[in-house]
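Both ligands and their constituent atoms are indexed starting at 1 by order of listing.
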Amino acid sequence: MGDVIKSVEDVLNNRLEGNELSEVKRILYGKDLEKLDLPTEARAEAEKGSFELAGYRFTALTESTRPPRVVRAAVIQNQIVLPTTAPVADQRQAIWNRVAEMIATAARCRVNVICLQEAWTMPFAFCTREKQPWCEFAESAEDGPTTHFLQDLASKHNMVIISPILERDEAHGDVLWNTAVIISNHGHVIGKSRKNHIPRVGDFNESTYYMESNLGHPVFQTEFGKIGVNICYGRHMPQNWMAYGLNGAELVFNPSATVGTLSEPMWGIEARNAAIANSYFTFAINRVGTETFPNEFTSADGRPAHRDFGHFYGSSYVAAPDASRTPGLSRLSDGLLVAELDLNLCRQVRDRWGLRMNQRLELYADTLARAANPDFQPQVVYDYSG
Ligand SMILES: NC(=O)NCCC(=O)O
(Lines give C-alpha, C1' and ligand atoms only; values in the text may rest on other atoms or scores of the structure.)
Protein backbone atom coordinates (compact mmCIF):
# COMPACT_ATOMS: atom_id res chain seq x y z
CA MET A 1 0.00 0.00 0.00
CA GLY A 2 1.18 3.52 -0.76
CA ASP A 3 4.18 2.32 -2.71
CA VAL A 4 2.55 1.41 -5.99
CA ILE A 5 3.12 4.33 -8.35
CA LYS A 6 6.35 6.29 -8.69
CA SER A 7 4.60 9.64 -9.10
CA VAL A 8 1.48 11.23 -10.51
CA GLU A 9 3.64 12.86 -13.19
CA ASP A 10 4.99 9.48 -14.20
CA VAL A 11 1.45 8.21 -14.77
CA LEU A 12 0.49 11.34 -16.73
CA ASN A 13 3.61 11.14 -18.89
CA ASN A 14 3.01 7.45 -19.61
CA ARG A 15 -0.70 7.78 -20.38
CA LEU A 16 -1.01 11.12 -22.19
CA GLU A 17 0.79 12.60 -25.13
CA GLY A 18 0.99 15.60 -27.43
CA ASN A 19 -1.43 18.47 -26.94
CA GLU A 20 -3.43 16.58 -24.32
CA LEU A 21 -0.35 16.14 -22.14
CA SER A 22 0.75 19.76 -22.47
CA GLU A 23 -2.77 21.06 -21.72
CA VAL A 24 -3.01 18.85 -18.61
CA LYS A 25 0.43 20.08 -17.49
CA ARG A 26 -0.52 23.71 -18.10
CA ILE A 27 -3.68 23.34 -16.03
CA LEU A 28 -2.17 21.27 -13.24
CA TYR A 29 1.34 22.77 -13.09
CA GLY A 30 0.90 26.32 -14.39
CA LYS A 31 3.39 25.75 -17.16
CA ASP A 32 5.76 23.11 -18.42
CA LEU A 33 8.92 24.45 -16.74
CA GLU A 34 12.17 24.24 -18.67
CA LYS A 35 14.41 21.44 -17.40
CA LEU A 36 17.86 22.46 -16.16
CA ASP A 37 20.80 21.11 -18.07
CA LEU A 38 22.60 19.63 -15.05
CA PRO A 39 26.25 18.53 -15.33
CA THR A 40 26.96 15.02 -16.62
CA GLU A 41 29.12 14.33 -13.54
CA ALA A 42 26.15 15.16 -11.30
CA ARG A 43 23.91 12.81 -13.27
CA ALA A 44 26.54 10.08 -12.99
CA GLU A 45 26.79 10.60 -9.21
CA ALA A 46 23.02 10.37 -8.88
CA GLU A 47 22.92 7.17 -10.87
CA LYS A 48 25.79 5.64 -8.89
CA GLY A 49 24.21 6.73 -5.61
CA SER A 50 20.74 5.53 -6.69
CA PHE A 51 18.98 8.82 -6.14
CA GLU A 52 16.77 10.82 -8.46
CA LEU A 53 18.18 14.12 -9.72
CA ALA A 54 15.86 16.68 -11.30
CA GLY A 55 16.17 20.39 -12.06
CA TYR A 56 13.81 23.09 -13.35
CA ARG A 57 14.00 26.79 -14.19
CA PHE A 58 11.50 29.44 -13.03
CA THR A 59 12.01 32.64 -14.99
CA ALA A 60 10.99 36.26 -14.41
CA LEU A 61 10.68 39.28 -16.69
CA THR A 62 13.78 41.34 -17.33
CA GLU A 63 13.59 44.67 -15.49
CA SER A 64 15.51 47.79 -16.44
CA THR A 65 15.86 49.15 -12.88
CA ARG A 66 16.81 45.95 -11.05
CA PRO A 67 19.26 43.24 -12.08
CA PRO A 68 17.93 39.67 -12.03
CA ARG A 69 18.44 37.88 -8.72
CA VAL A 70 18.90 34.32 -9.90
CA VAL A 71 19.61 31.66 -7.28
CA ARG A 72 19.61 27.90 -7.25
CA ALA A 73 17.71 26.40 -4.34
CA ALA A 74 17.39 22.68 -3.73
CA VAL A 75 15.78 20.11 -1.47
CA ILE A 76 16.76 16.59 -0.49
CA GLN A 77 14.40 13.73 0.40
CA ASN A 78 15.94 10.56 1.77
CA GLN A 79 15.26 7.26 3.46
CA ILE A 80 16.98 6.31 6.67
CA VAL A 81 20.04 4.16 5.98
CA LEU A 82 20.43 1.69 8.86
CA PRO A 83 17.70 -0.22 10.70
CA THR A 84 16.19 1.60 13.68
CA THR A 85 17.75 -1.06 15.94
CA ALA A 86 21.32 0.05 15.12
CA PRO A 87 23.15 2.21 17.71
CA VAL A 88 22.02 5.84 17.54
CA ALA A 89 25.47 7.18 16.62
CA ASP A 90 25.75 4.67 13.76
CA GLN A 91 22.29 5.51 12.42
CA ARG A 92 23.10 9.21 12.44
CA GLN A 93 26.54 8.74 10.89
CA ALA A 94 25.08 6.65 8.06
CA ILE A 95 22.48 9.33 7.28
CA TRP A 96 25.17 12.05 7.45
CA ASN A 97 27.28 10.14 4.92
CA ARG A 98 24.38 9.61 2.56
CA VAL A 99 23.19 13.21 2.69
CA ALA A 100 26.74 14.61 2.38
CA GLU A 101 27.02 12.68 -0.88
CA MET A 102 23.80 14.28 -2.14
CA ILE A 103 24.90 17.75 -0.99
CA ALA A 104 28.14 17.29 -2.99
CA THR A 105 26.04 16.59 -6.08
CA ALA A 106 23.97 19.69 -5.30
CA ALA A 107 27.22 21.68 -5.19
CA ARG A 108 28.13 20.34 -8.62
CA CYS A 109 24.75 21.65 -9.80
CA ARG A 110 25.75 25.12 -8.44
CA VAL A 111 23.13 25.10 -5.71
CA ASN A 112 23.24 28.16 -3.42
CA VAL A 113 20.67 27.13 -0.78
CA ILE A 114 19.59 23.66 0.27
CA CYS A 115 17.08 22.36 2.79
CA LEU A 116 16.95 18.87 4.27
CA GLN A 117 13.84 17.04 5.47
CA GLU A 118 12.29 17.33 8.95
CA ALA A 119 14.36 15.63 11.71
CA TRP A 120 16.73 14.50 8.98
CA THR A 121 19.32 12.85 11.25
CA MET A 122 16.93 10.21 12.62
CA PRO A 123 14.02 7.88 11.95
CA PHE A 124 10.65 9.57 12.56
CA ALA A 125 10.27 7.66 15.81
CA PHE A 126 7.65 9.84 17.48
CA CYS A 127 4.95 7.33 16.51
CA THR A 128 6.36 4.94 19.14
CA ARG A 129 5.81 7.27 22.13
CA GLU A 130 8.99 5.76 23.59
CA LYS A 131 11.56 8.23 24.84
CA GLN A 132 14.63 6.05 24.52
CA PRO A 133 16.69 5.71 22.50
CA TRP A 134 15.06 8.36 20.27
CA CYS A 135 15.72 11.35 22.53
CA GLU A 136 19.40 10.57 22.13
CA PHE A 137 19.17 12.02 18.63
CA ALA A 138 18.47 15.46 20.11
CA GLU A 139 21.37 17.90 20.02
CA SER A 140 22.27 21.57 20.33
CA ALA A 141 21.23 23.73 17.38
CA GLU A 142 24.23 26.03 17.78
CA ASP A 143 26.91 23.61 18.82
CA GLY A 144 25.78 20.04 18.16
CA PRO A 145 27.65 17.47 16.06
CA THR A 146 25.24 17.75 13.12
CA THR A 147 25.60 21.52 12.99
CA HIS A 148 29.41 21.19 13.07
CA PHE A 149 29.24 18.55 10.36
CA LEU A 150 27.16 20.81 8.10
CA GLN A 151 29.13 23.98 8.87
CA ASP A 152 32.12 22.38 7.15
CA LEU A 153 30.01 21.38 4.13
CA ALA A 154 28.36 24.81 3.93
CA SER A 155 31.66 26.68 3.74
CA LYS A 156 33.28 24.06 1.49
CA HIS A 157 30.41 24.29 -1.02
CA ASN A 158 29.58 28.01 -0.51
CA MET A 159 26.00 26.90 0.21
CA VAL A 160 23.40 27.98 2.75
CA ILE A 161 22.21 24.79 4.47
CA ILE A 162 18.93 24.49 6.38
CA SER A 163 19.17 21.65 8.84
CA PRO A 164 15.94 20.53 10.55
CA ILE A 165 16.86 18.57 13.68
CA LEU A 166 15.52 17.48 17.03
CA GLU A 167 17.00 20.22 19.23
CA ARG A 168 18.12 19.77 22.81
CA ASP A 169 18.12 23.13 24.56
CA GLU A 170 20.56 22.53 27.42
CA ALA A 171 20.42 26.15 28.60
CA HIS A 172 16.72 25.67 29.35
CA GLY A 173 16.81 22.39 31.27
CA ASP A 174 17.20 20.05 28.29
CA VAL A 175 13.90 21.07 26.67
CA LEU A 176 13.45 19.46 23.25
CA TRP A 177 12.27 21.37 20.18
CA ASN A 178 11.71 20.61 16.53
CA THR A 179 14.12 23.10 15.01
CA ALA A 180 15.61 24.17 11.70
CA VAL A 181 19.16 25.54 11.93
CA ILE A 182 20.13 28.04 9.24
CA ILE A 183 23.82 27.80 8.38
CA SER A 184 25.29 30.49 6.12
CA ASN A 185 27.36 29.75 3.04
CA HIS A 186 30.38 30.78 5.13
CA GLY A 187 29.61 28.15 7.72
CA HIS A 188 28.14 30.40 10.44
CA VAL A 189 24.94 29.60 12.29
CA ILE A 190 22.71 32.55 11.31
CA GLY A 191 19.91 31.42 13.59
CA LYS A 192 17.16 28.91 14.12
CA SER A 193 13.43 28.56 13.60
CA ARG A 194 11.20 26.21 15.58
CA LYS A 195 8.07 24.31 14.68
CA ASN A 196 5.05 26.45 15.52
CA HIS A 197 2.26 23.88 15.29
CA ILE A 198 2.62 20.35 16.70
CA PRO A 199 0.43 17.61 15.20
CA ARG A 200 -2.01 15.69 17.32
CA VAL A 201 -3.27 13.43 14.57
CA GLY A 202 -2.77 9.76 13.72
CA ASP A 203 0.59 8.39 14.85
CA PHE A 204 2.18 11.84 14.93
CA ASN A 205 2.64 11.78 18.69
CA GLU A 206 5.10 14.64 18.59
CA SER A 207 3.53 16.59 21.43
CA THR A 208 4.90 13.87 23.72
CA TYR A 209 8.42 14.96 22.82
CA TYR A 210 8.62 18.73 22.27
CA MET A 211 6.84 22.03 22.64
CA GLU A 212 5.48 24.64 20.24
CA SER A 213 8.03 27.23 19.13
CA ASN A 214 8.65 30.33 21.23
CA LEU A 215 10.56 32.06 18.41
CA GLY A 216 7.76 33.42 16.22
CA HIS A 217 8.28 33.57 12.45
CA PRO A 218 11.91 34.57 11.92
CA VAL A 219 13.16 35.32 8.43
CA PHE A 220 16.87 35.01 7.73
CA GLN A 221 18.58 37.40 5.34
CA THR A 222 21.17 35.35 3.46
CA GLU A 223 23.34 36.10 0.44
CA PHE A 224 20.78 34.24 -1.65
CA GLY A 225 17.50 35.69 -0.47
CA LYS A 226 15.35 35.98 2.64
CA ILE A 227 14.49 32.57 4.06
CA GLY A 228 11.69 31.33 6.32
CA VAL A 229 11.10 27.78 7.53
CA ASN A 230 7.57 26.50 8.15
CA ILE A 231 8.06 23.04 9.63
CA CYS A 232 5.71 20.24 8.53
CA TYR A 233 2.28 20.43 10.21
CA GLY A 234 2.54 24.24 10.11
CA ARG A 235 1.73 23.98 6.41
CA HIS A 236 -1.93 23.38 7.28
CA MET A 237 -2.11 26.86 8.85
CA PRO A 238 -2.47 29.66 6.27
CA GLN A 239 -1.71 32.24 8.98
CA ASN A 240 1.62 30.54 9.68
CA TRP A 241 2.68 30.87 6.04
CA MET A 242 1.36 34.44 6.04
CA ALA A 243 3.52 35.48 9.00
CA TYR A 244 6.74 34.48 7.19
CA GLY A 245 5.52 36.56 4.27
CA LEU A 246 4.83 39.55 6.53
CA ASN A 247 8.42 39.31 7.73
CA GLY A 248 9.62 39.53 4.14
CA ALA A 249 10.41 35.92 3.21
CA GLU A 250 11.15 35.20 -0.44
CA LEU A 251 11.88 31.49 -0.02
CA VAL A 252 9.90 29.43 2.51
CA PHE A 253 10.94 25.86 3.12
CA ASN A 254 8.54 23.26 4.52
CA PRO A 255 10.61 20.32 5.77
CA SER A 256 8.12 17.54 6.49
CA ALA A 257 7.54 13.92 7.43
CA THR A 258 4.14 12.71 6.42
CA VAL A 259 2.47 9.53 5.27
CA GLY A 260 0.17 8.74 2.37
CA THR A 261 -2.82 7.46 4.25
CA LEU A 262 -3.05 10.73 6.13
CA SER A 263 -2.08 13.67 3.97
CA GLU A 264 -1.25 12.87 0.36
CA PRO A 265 -4.32 14.58 -1.15
CA MET A 266 -3.36 17.79 0.70
CA TRP A 267 0.32 17.70 -0.24
CA GLY A 268 0.23 19.25 -3.68
CA ILE A 269 -2.14 21.98 -2.60
CA GLU A 270 -0.90 23.52 0.62
CA ALA A 271 2.64 24.72 -0.11
CA ARG A 272 1.55 25.71 -3.59
CA ASN A 273 -1.34 27.76 -2.32
CA ALA A 274 1.01 29.45 0.15
CA ALA A 275 3.32 30.46 -2.71
CA ILE A 276 0.38 32.04 -4.52
CA ALA A 277 -1.20 33.70 -1.49
CA ASN A 278 2.06 35.18 -0.17
CA SER A 279 3.92 35.92 -3.43
CA TYR A 280 7.01 33.89 -2.50
CA PHE A 281 8.60 30.58 -3.46
CA THR A 282 7.81 27.51 -1.39
CA PHE A 283 9.64 24.21 -1.06
CA ALA A 284 7.65 21.18 0.13
CA ILE A 285 10.00 18.44 1.34
CA ASN A 286 8.86 15.04 2.53
CA ARG A 287 10.89 12.07 3.70
CA VAL A 288 10.54 8.82 1.81
CA GLY A 289 10.33 5.11 2.63
CA THR A 290 8.88 2.93 5.35
CA GLU A 291 10.56 2.90 8.78
CA THR A 292 10.10 -0.09 11.05
CA PHE A 293 10.55 0.08 14.82
CA PRO A 294 11.61 -2.62 17.29
CA ASN A 295 8.48 -2.50 19.49
CA GLU A 296 4.86 -2.63 18.41
CA PHE A 297 2.64 0.40 18.95
CA THR A 298 -1.04 1.05 18.38
CA SER A 299 -2.67 3.94 16.57
CA ALA A 300 -5.69 4.19 18.86
CA ASP A 301 -7.99 3.43 15.94
CA GLY A 302 -8.87 -0.20 16.57
CA ARG A 303 -6.24 -1.55 14.18
CA PRO A 304 -3.90 -4.25 15.49
CA ALA A 305 -0.56 -3.16 16.94
CA HIS A 306 2.14 -2.69 14.31
CA ARG A 307 5.76 -1.68 13.97
CA ASP A 308 5.75 0.85 11.14
CA PHE A 309 4.37 4.29 10.54
CA GLY A 310 3.23 3.67 6.96
CA HIS A 311 4.82 4.92 3.78
CA PHE A 312 6.44 8.36 3.68
CA TYR A 313 5.61 9.34 0.12
CA GLY A 314 8.42 11.79 -0.79
CA SER A 315 6.96 13.84 -3.69
CA SER A 316 8.97 16.94 -2.76
CA TYR A 317 8.35 19.91 -5.06
CA VAL A 318 8.90 23.63 -5.54
CA ALA A 319 6.12 26.16 -6.13
CA ALA A 320 6.33 29.72 -7.41
CA PRO A 321 4.25 32.83 -6.73
CA ASP A 322 2.89 32.76 -10.30
CA ALA A 323 1.13 29.41 -9.57
CA SER A 324 3.62 27.29 -11.49
CA ARG A 325 5.28 24.35 -9.81
CA THR A 326 7.82 21.65 -10.54
CA PRO A 327 6.80 18.03 -10.86
CA GLY A 328 7.32 16.12 -7.62
CA LEU A 329 10.25 13.87 -6.88
CA SER A 330 9.51 10.15 -6.67
CA ARG A 331 7.13 8.72 -4.07
CA LEU A 332 9.53 5.81 -3.66
CA SER A 333 13.17 6.81 -3.72
CA ASP A 334 15.74 9.33 -2.50
CA GLY A 335 16.02 12.48 -4.54
CA LEU A 336 17.62 15.87 -5.07
CA LEU A 337 15.47 18.56 -6.67
CA VAL A 338 17.14 21.73 -7.93
CA ALA A 339 15.20 24.87 -8.83
CA GLU A 340 16.75 27.85 -10.54
CA LEU A 341 14.67 30.91 -9.83
CA ASP A 342 14.74 34.66 -10.16
CA LEU A 343 13.67 36.22 -6.87
CA ASN A 344 12.42 39.25 -8.83
CA LEU A 345 9.37 37.14 -9.68
CA CYS A 346 8.00 37.73 -6.16
CA ARG A 347 7.61 41.49 -6.68
CA GLN A 348 6.47 41.06 -10.27
CA VAL A 349 3.60 38.80 -9.16
CA ARG A 350 2.74 41.19 -6.29
CA ASP A 351 2.48 44.05 -8.78
CA ARG A 352 0.36 42.00 -11.17
CA TRP A 353 -2.06 40.33 -8.76
CA GLY A 354 -1.97 42.79 -5.86
CA LEU A 355 -2.56 40.02 -3.32
CA ARG A 356 -0.36 41.66 -0.72
CA MET A 357 -1.72 45.13 -1.48
CA ASN A 358 -5.27 43.82 -1.04
CA GLN A 359 -4.45 41.76 2.03
CA ARG A 360 -6.50 44.01 4.39
CA LEU A 361 -4.40 43.20 7.43
CA GLU A 362 -6.26 45.71 9.60
CA LEU A 363 -9.55 43.88 8.92
CA TYR A 364 -8.09 40.56 10.01
CA ALA A 365 -6.13 42.04 12.90
CA ASP A 366 -9.48 43.09 14.31
CA THR A 367 -11.24 39.77 13.58
CA LEU A 368 -8.37 37.73 15.00
CA ALA A 369 -8.08 39.85 18.12
CA ARG A 370 -11.79 39.35 18.76
CA ALA A 371 -11.71 35.61 17.97
CA ALA A 372 -8.77 35.05 20.32
CA ASN A 373 -10.70 36.65 23.19
CA PRO A 374 -12.38 34.17 25.61
CA ASP A 375 -15.58 36.24 25.37
CA PHE A 376 -15.73 35.94 21.59
CA GLN A 377 -19.16 35.52 20.00
CA PRO A 378 -19.12 34.37 16.35
CA GLN A 379 -20.59 36.98 14.00
CA VAL A 380 -23.56 34.99 12.70
CA VAL A 381 -26.73 36.53 11.32
CA TYR A 382 -29.73 34.24 11.84
CA ASP A 383 -32.76 33.91 9.60
CA TYR A 384 -35.75 34.21 11.95
CA SER A 385 -38.31 34.46 9.14
CA GLY A 386 -39.16 30.69 9.13
N1 LIG B 1 5.68 15.81 11.00
C2 LIG B 1 4.45 16.28 11.04
O3 LIG B 1 4.19 17.34 11.59
N4 LIG B 1 3.50 15.52 10.47
C5 LIG B 1 2.11 15.73 10.65
C6 LIG B 1 1.29 15.18 9.56
C7 LIG B 1 1.08 16.14 8.46
O8 LIG B 1 1.06 17.34 8.70
O9 LIG B 1 0.90 15.70 7.33
Notebook entry, point to check: Do V229 and P255 have side chains that get closer than 4.5 Å, going by heavy atoms?
Noted result: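 The answer is yes; the side chains approach within 4.5 Å.
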Item checked: N178 vs C232 side-chain heavy atoms within contact, under 4.5 Å ->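 Not in contact.
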Check: Does the separation of the ring centres of Y244 and H217 fall below 6.0 angstrom?
Finding: yes
Note to self: Can you tell me how the ring of F137 sits relative to the ring of W134, calling it parallel under 30°, perpendicular over 60° and tilted otherwise?
What the structure shows: parallel
Note to self: Please give the remaining members of the hydrophobic cluster of V175, linking ILVMFWY side chains under 4.5 Å, ordered by chain and number.
What the structure shows: W177, M211
Margin query: Residue by residue, ordered by chain and number, which ones reach under 4.0 Å of ligand 1 with a heavy atom?
Written below: E118, F124, K195, P199, F204, E206, C232, Y233, R235, H236, A257, T258, L262, S263
Checklist line | Value rounded to 0.5 Å, distance of CZ in F309 from OG1 in T290 | finding: 11.5 Å
